[in-house]
Amino acid sequence: MRIAVAAGAGDGGELRPLDEDGSPAGPAYAVADLAGEIAARERADAPRWVWASSARLYPRLLRAGVRVARCHDLELVENLLLGHAGRYGEPRSVRAAWARLHGLPVPPDPPPSQEAPAHAAQASLFGDDDGERAAPSDDLGQVVEVHAAQQRAVAGLDGFALLAAAESAGSLVAAELGHDGLPWSAAEHDALLTELLGPRPSGGLRPRRLQELADRIGAAFGPRTHVNPDSPAQILKAFAAAGLPIPSTRAHVLKRVDHPAVPLLLEYKELARLHAAHGWAWLDTWVRGGRFRPEYVVGGVVSGRWATNGGGALQIPRVLRRAVVADPGWCLVVADAAQLEPRVLAALAGDRAFADAAAHGDLYEALSDAFRSDEATGGLSARAKAKLALLSAMYGGGTGEAVQLLGVLKSRFPDAFEYVEAAARAGERGRLVRSLLGRTCPPPSAGWRELTLAADDEGDPPDPSAAEGVRRPATAAQALRSRGRFTRNFVVQATAADWALALLGSLRRRLTALGPPRLVFFQHDEVIVHAPAELADAVTEAVRASAEEARRLLFGATPVAFPMEIAVVDRYADAK
DNA sequence: GAGGGAGGCGCG
DNA sequence: AAAGCGCGCCTCCCTC
């Protein structure tokens, strides 16, 4: 059973029961308390809720204490359908979708980010929690019509029903992650910063440790020399003046330079980044009541990975993991899909030998026999060679010694090799590639087509569009290779995202059955569940069962295993 | 003073 | 030793 929902401008809204195919199964009706009505119908029927956008609607329900099991997120599904049709980036709102159905002018999507938590404090000045109440109310007729059209479209595309359901489940998870928050100890965070940087400085001053390093860096270049270590340009100049010209100030470049300033600079860079990106200012902005509440953006990455809006939740430095601490009597179940992308390739390609190697344990170790005899890459262990070959195949690398290793991969695991090669060739021809469930890569830009059509053999002209200021490959050959690397990687990364989404949906359902445990973190191939300590084993089992369910949903009877590395800990830093 | 590109680095 | 894919977000520094 499905129920379409249109949120009103205030607390009310309109609803209408639907059949699976989207046709109305009863009359529309209005209610004054939408959250209350949804709670009641959820208890009675647990329908699949059909609404414009979980990101806009569901936080309001969560604040009212209402959780739902299933939904159909029209904006996210519209986005998937548009992408599949090669119309990536067209407006995805219900209004826009409805206009397209009727051949009417399509309104642009409202600019994102107005509902970001960072702006919530500002918005509340105007009596507005996070902007959703100010949004114009949904039109129930449009919701019903767009949903029916989507159901027809989805039914005609292989895998898409699962993709739409998984993306929608993801939208519920994302809102719940933002609502529940990651347990975060401000005291631990502050202690770590103080340990590494010195006490919190007042004003905009550098912390003591950074100032010391900055002074010593200047002194290393000469008496009374002043170099701002935050300025790559000044650092380059200082090294040039010292007779050591360097192409950039990246850490790996500096490491090869013999100069007393180098170790100081490397330490400065590391600490300065921690201070700037995750220092006291971050703590003040993002942590409230012992929780870090990032805003996840489902489908924020073309491959189907999630992005976040502010707070950098997907880039939390490893040193800060000691600030992620379970509540007393609770634990963190930290679970990580081991070697997910090469396993996905193994399952996708149906390469018998490769899939057998991926059937259990350490995939790279299992493959390493094939690379043991390779002489070309001296120092590396056979396992390291196997890993390098795989990464090169999936990322489109393969310069230098990796060329040799790719040759081994090609001869020993031809189907796996061919799978990514075919994706690369498709990309170079300007074609679209898709994940297993049908998520589709964006088409190449007009500039790419122009460049690659204009000069399709060697001797490419310099890029005439450079004047536009857009960073572009200089030659057609570069553009082609770049696009090939993108599509080559897309098929693997996007199918890994399919799998992760299926995992999340399954795990969410199992955790709901357990009661108190909550998903509190998700990062591409890793989840954290916050649970009462006595439920740790049950949660661990739920994670394993979910990984297995995701494998079966995507790949059926593949021999490829998707093992989870799971740790039950008090703090995130103690996992692996 | 805002805006944005470049350089750099955090995560997977 | 580094590189090949996908991101967000910091500071610097230049342009408008």
Side-chain angles (χ1 to χ4, degrees), chain A residues 113 116 118 204 206 210 228-236 246-256 265-266 268-279 281-282 285-286 294-297 299-321 336-342 344-345 377-380 384 387-403 405-406 420 423-424 427 433 441-442 466 468-471 481-494 496-497 500 521-527:
Chain A
S113 88
R206 274 199 185 113
L210 286 182
N228 177 1
D230 289 321
S231 167
Q234 288 186 30
I235 298 172
L236 289 183
I246 48 175
S248 86
T249 67
R250 288 164 153 88
H252 65 83
V253 172
L254 287 178
K255 273 177 195 151
R256 285 177 311 200
L265 269 169
L266 293 174
Y268 180 91
K269 280 165 163 290
E270 198 177 326
L271 293 178
R273 176 167 177 94
L274 178 67
H275 178 239
H278 289 95
W282 183 92
T285 306
W286 291 102
E295 185 193 0
Y296 288 90
V297 183
V301 179
V302 291
S303 65
R305 283 182 169 187
W306 294 8
T308 57
N309 216 333
L314 301 180
Q315 300 122 257
I316 297 170
R318 298 181 82 93
V319 286
L320 260 185
R321 293 183 180 185
D336 183 304
Q339 304 160 337
L340 178 58
E341 292 194 352
V344 162
L345 174 56
T377 42
L380 296 177
K387 181 173 180 177
L388 184 57
L390 253 298
L391 293 180
S392 297
M394 293 189 300
Y395 290 163
T399 53
E401 296 155 286
V403 174
L405 298 174
L406 277 173
V420 282
V433 297
C441 76
E468 288 174 31
V470 179
R471 177 51 108 57
R481 276 197 299 272
S482 167
R483 179 76 188 173
R485 285 195 301 273
F486 171 64
T487 51
R488 167 195 295 275
N489 183 251
F490 185 95
V491 292
V492 177
Q493 189 183 115
F521 190 62
F522 171 54
Q523 187 177 31
H524 312 313
D525 60 0
E526 180 176 9
V527 295

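All chains are named by letter (A, B, ...) in the order of the sequence lines, taking the proteins before the strands, and each is independently numbered beginning at 1.
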Hey, does [X] reach any base, or is it just sugar-phosphate, or nothing, if we go heavy atoms under 4.0 Å?
{"X": "A/Ile316", "answer": "sugar-phosphate"}
{"X": "A/Lys255", "answer": "nothing"}
{"X": "A/Arg250", "answer": "sugar-phosphate"}
{"X": "A/Ala272", "answer": "nothing"}
{"X": "A/Val492", "answer": "nothing"}
{"X": "A/Gly300", "answer": "nothing"}
{"X": "A/Arg318", "answer": "sugar-phosphate"}
{"X": "A/Arg481", "answer": "nothing"}
{"X": "A/Phe490", "answer": "nothing"}
{"X": "A/Gln523", "answer": "sugar-phosphate"}

With the side chain of [X] defined as its heavy atoms from C-beta on, choose the nearest nucleotide among [options].
{"X": "A/Val301", "options": "C/dC13, B/dG10, C/dC7", "answer": "C/dC7"}
{"X": "A/His252", "options": "C/dG8, C/dA3, C/dG6", "answer": "C/dA3"}
{"X": "A/Ala307", "options": "C/dC7, C/dA3, B/dG10", "answer": "C/dC7"}
{"X": "A/Pro232", "options": "C/dC5, B/dG7, C/dA3", "answer": "B/dG7"}
{"X": "A/Asp230", "options": "C/dC12, B/dG8, C/dG6", "answer": "C/dC12"}
{"X": "A/Ala276", "options": "C/dA2, C/dT11, C/dG6", "answer": "C/dT11"}
{"X": "A/Val302", "options": "B/dG7, B/dG10, C/dG6", "answer": "C/dG6"}
{"X": "A/Arg321", "options": "B/dG10, C/dC5, B/dC11", "answer": "B/dC11"}
{"X": "A/Tyr395", "options": "B/dC9, C/dG4, B/dG10", "answer": "C/dG4"}

What is the distance, to the nearest angstrom, from the [atom1] atom on [X] to the [atom2] atom on [N]?
{"X": "A/Leu254", "N": "C/dA1", "atom1": "CG", "atom2": "P", "answer": "14 Å"}
{"X": "A/Asn489", "N": "C/dA3", "atom1": "CG", "atom2": "C1'", "answer": "13 Å"}
{"X": "A/Leu266", "N": "B/dG10", "atom1": "CG", "atom2": "C1'", "answer": "16 Å"}
{"X": "A/Leu314", "N": "C/dC9", "atom1": "CG", "atom2": "P", "answer": "9 Å"}
{"X": "A/Phe522", "N": "C/dC7", "atom1": "CZ", "atom2": "C1'", "answer": "13 Å"}
{"X": "A/Met394", "N": "B/dG12", "atom1": "CE", "atom2": "P", "answer": "15 Å"}
{"X": "A/Leu340", "N": "C/dG6", "atom1": "CG", "atom2": "P", "answer": "17 Å"}
{"X": "A/Ile235", "N": "C/dC13", "atom1": "CD1", "atom2": "P", "answer": "10 Å"}

Can you find a donor-acceptor pair, distance only, under 3.5 Å between [X] side chain and [N] base?
{"X": "A/Arg273", "N": "C/dC10", "result": "no"}
{"X": "A/Arg305", "N": "B/dG12", "result": "yes"}
{"X": "A/Gln315", "N": "C/dG8", "result": "yes"}

Using the closest heavy atom to pick a nucleotide of DNA chain C for each, name whichever of A/Ala233 or A/Gly311 lands nearer the 5' end.
->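 Result: A/Gly311.
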Find which nucleotide of DNA chain C each of A/Val253 and A/Gly310 is nearest to by heavy atoms, and output the residue with the more 5' nucleotide.
->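 So the residue in question is A/Val253.
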Side chains of [X] and [Y]: closer than 4.5 Å at any heavy-atom pair?
{"X": "A/Val253", "Y": "A/Arg256", "value": "yes"}
{"X": "A/Pro229", "Y": "A/Leu265", "value": "yes"}
{"X": "A/Lys269", "Y": "A/Leu254", "value": "yes"}
{"X": "A/Ser392", "Y": "A/Leu405", "value": "no"}

OP1 or OP2 of [N] under 4.0 Å from side-chain N/O of [X]:
{"X": "A/Arg485", "N": "C/dC5", "value": "yes"}
{"X": "A/Lys269", "N": "B/dC9", "value": "yes"}
{"X": "A/Asn228", "N": "C/dC12", "value": "yes"}
{"X": "A/Ser392", "N": "C/dA3", "value": "no"}
{"X": "A/Thr249", "N": "B/dG7", "value": "no"}
{"X": "A/Ser248", "N": "B/dG8", "value": "yes"}

Kindly compute the distance separating CG (A/Leu345) from CG (A/Leu340), expressed to the nearest 0.5 Å.
->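 A/Leu345 CG to A/Leu340 CG: 11.5 Å, rounded to 0.5 Å.
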side-chain contact (heavy atoms from CB on, under 4.5 Å) between A/Val301 and A/His524, worked out | CA-CA 11 Å; A/Val301 179; A/His524 312 313; 5.8 Å; no
More than 12 heavy atoms of other groups within 6.0 Å of A/Glu270 CD =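 For A/Glu270, atom CD is not crowded (no more than 12 foreign heavy atoms under 6.0 Å).
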Nucleotide forming a Watson-Crick or wobble pair with B/dG3, both distances under 3.5 Å =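 Check on B/dG3: paired to C/dC14, both distances under 3.5 Å.
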Are A/Arg485 and A/Asn489 close enough, and set up right, to give a side-chain contact (heavy atoms from CB on, under 4.5 Å), and what steps lead you there?
-> CA-CA 6 Å; A/Arg485 285 195 301 273; A/Asn489 183 251; over 6 Å; no
Taking syn as any angle within 90 degrees of 0 and anti as the rest, which one fits C/dG6?
->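 Judged by the O4'-C1' to base torsion, C/dG6 sits in anti, the angle falling more than 90° away from 0.
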